[in-house]
Number of protein chains: 2
Amino acid sequence: MDSDYQSQARLFKAFSDETRLRVLEMLRGGEKCACKLLENLDCGQSGLSYHMKVLLESGIVTSRQEGKWTYYRICPEGAFAAVSLVKQLTTVTVDSDRCDCCEP
Amino acid sequence: MDSDYQSQARLFKAFSDETRLRVLEMLRGGEKCACKLLENLDCGQSGLSYHMKVLLESGIVTSRQEGKWTYYRICPEGAFAAVSLVKQLTTVTVDSDRCDCCEP
DNA sequence: TTGGTGTATCAAAAAATTTTTATGTGAGGT
DNA sequence: ACCTCACATAAAAATTTTTTGATACACCAA
């Protein structure tokens, strides 16, 4: 279906970092503003900004601006897409037989 | 449940590479030997070996040895674990309200 | 045993990601 | 307007991942 390996890889890269996993865990508890996330992370402000950009671009998180604050939350559509993709990537499409391509 | 961010990150890293995604796509069609995978990839033999190691260590692929050949296939348990983990990581646990931690 | 084939491993180089530091920008408040 | 705060962006440095090339190892056949 989706043959763009690069964009699929990008989605998983969003999940492939400890800091971003910590952020997701916090967001599971509901919307949070950047400053609140920062409090509970071991990274600098610009570091968080970088990580949030990765999460936003992957589609699993959305943000809204309010005054000078930015709030982040998990995006249900993006989350669903991620789950679907993992399922798709790991679903075997044949009755799994032994490969005998190299038998003598 | 699982609080080991590092090992979670490792699982997703397995999915975060174009070559490995191509391998998974091939394995969806059933077990394949290394040489068959290699034919359809743009990487060297040692490169494939490296990528397969990453996939094996993530648990989404298993291998079996037969003579001098190695056969790989998707591991249903590992695949299921991956799907579960994505679900867990993206499931919001509260009725999603606005965060007001920074309101004046 | 010897030689060839299929994979794995190691080390170095190359490439990509993450962190850090410095600076920029926009929203409010005074 | 000017200052400050919250966050973004840019560039450089640090770290991690991937690729490459050489070599090692296991298996098989002659």
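A note on names: the letters A, B, ... follow the listed sequences, proteins ahead of strands, and every chain is numbered from 1.
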> Measuring to OP1 and OP2 of dT19(D), would you say a side-chain N or O of H51(B) lies under 4.0 angstrom away?
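The answer is yes; a side-chain N or O of H51(B) sits under 4.0 Å from OP1 or OP2.
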> Of the candidate nucleotides dT18(D), dT7(C), dT17(C), which contains the atom at the shortest distance from the side chain of C35(B)?
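Among dT18(D), dT7(C), dT17(C), the one nearest the side chain of C35(B) is dT7(C).
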> Which sits closer to the 5' end of DNA chain D, S49(A) or T19(B), going by the nucleotide each is nearest to?
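Here S49(A) is the residue nearer the 5' end.
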> Under 4.0 Å between a side-chain N/O of S46(B) and OP1 or OP2 of dC10(C), yes or no?
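Answer no for this pair, as no side-chain N or O of S46(B) is under 4.0 Å from OP1 or OP2.
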> Atom CE of M52(A) to atom C1' of dT9(D): distance rounded to whole Å?
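Interatomic distance, CE of M52(A) to C1' of dT9(D): 16 Å.
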> Tell me which of D42(A) and E66(A) sits closer to the 5' end of DNA chain C, going by the nucleotide each one is nearest to.
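Nearest-nucleotide comparison on DNA chain C picks D42(A).
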> Can you tell which of dA6(D), dA16(C), dT7(C) lies closest to the side chain of C33(B)?
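Within the option list, the nearest is dT7(C).
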> Honestly curious: do Y50(B) and L56(B) fall in one hydrophobic cluster under the side-chain, below-4.5 Å linking rule?
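No, no single cluster joins them.
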> Classify the nucleic acid contact of Y71(B) as base, sugar-phosphate or nothing, counting any heavy atom under 4.0 Å across all strands shown.
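Contact class for Y71(B): none.
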> Rounded to whole Å, how long is the line connecting atom CZ of R64(A) with atom C1' of dA6(D)?
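In whole Å, dA6(D) C1' and R64(A) CZ are 15 Å from each other.
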> Under 3.5 Å, side chain of N40(A) to main-chain N/O of K36(A), donor-acceptor pair present?
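Yes, because the side chain of N40(A) sits within donor-acceptor range (under 3.5 Å) of the backbone of K36(A).
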> Just compare dT18(C), dC7(D), dC5(D) and give me whichever is closest to any side-chain atom of T70(A).
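Looking only at side-chain atoms, T70(A) lies closest to dC7(D).
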> Roughly how many Å is it from CG in L21(B) to P in dT17(D), rounded to a whole number?
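The distance from CG of L21(B) to P of dT17(D) comes to 17 Å, rounded to the nearest Å.
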> Atom OH of Y50(B) and atom P of dA12(C): how far apart are they, to the nearest Å?
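Computing the Y50(B):OH to dA12(C):P distance gives 17 Å.
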> Do Q45(B) and dA8(C) share a donor-acceptor pair, side chain to base, under 3.5 Å?
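Side chain to base: pair found, below 3.5 Å.
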> Under 4.0 Å between any heavy atoms, over every strand shown, what does R20(A) touch: base, sugar-phosphate, or nothing? Just pick one.
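Sugar-phosphate, no base atom in range.
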> May I have the distance from Y72(A) (atom OH) to dC7(D) (atom C1'), rounded to whole angstrom?
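Answer to the nearest Å: 7 Å.
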> For I74(B) and I60(B), run side-chain contact (heavy atoms from CB on, under 4.5 Å): C-alpha distance rounded to whole Å, both residues' side-chain angles, the deciding distance at 0.1 Å, then the answer.
CA-CA 6 Å; I74(B) 290 176; I60(B) 45 190; 5.8 Å; no
> What is the distance from NZ of K13(A) to P of dT16(D), rounded to the nearest Å?
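So the NZ-P distance, K13(A) to dT16(D), works out to 17 Å.
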> F12(A) has an atom CZ; how far is it from atom C1' of dT17(C), in whole Å?
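Computing the F12(A):CZ to dT17(C):C1' distance gives 18 Å.
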> Once you round it to whole Å, what is the distance between C1' of dT18(D) and CZ of R22(B)?
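Going from R22(B) (CZ) to dT18(D) (C1'), I get 15 Å.
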> How is G47(A) classified with respect to the nucleic acid when contacts are heavy atoms under 4.0 Å: base, sugar-phosphate, or nothing?
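Base: the residue G47(A), judged by heavy atoms under 4.0 Å, touches a nucleobase.
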> K53(A) side chain N/O closer than 4.0 Å to the phosphate oxygens (OP1, OP2) of dA8(D)?
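No, K53(A) has no side-chain N/O under 4.0 Å of OP1/OP2 on dA8(D).
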> Looking at every non-hydrogen atom in both residues, tell me the closest pair between M26(B) and L37(B) and how far apart they are.
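Heavy-atom minimum between the residues: CE-O, 3.7 Å.
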> Do you know which two heavy atoms are closest between T62(A) and C75(A), and how far apart they sit?
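Heavy atoms of T62(A) and C75(A) come nearest at CG2-CB, 3.6 Å.
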> Give me the atom names and distance for the closest heavy-atom approach of C43(A) to T19(A).
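So the two residues come closest at SG-CG2, 4.4 Å.
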> Consider the side chain of K68(B), meaning its heavy atoms from C-beta on, and name the nucleotide among dA27(C), dT5(C), dA8(D) that approaches it most closely.
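Out of dA27(C), dT5(C), dA8(D), the nucleotide with an atom closest to K68(B)'s side chain is dT5(C).
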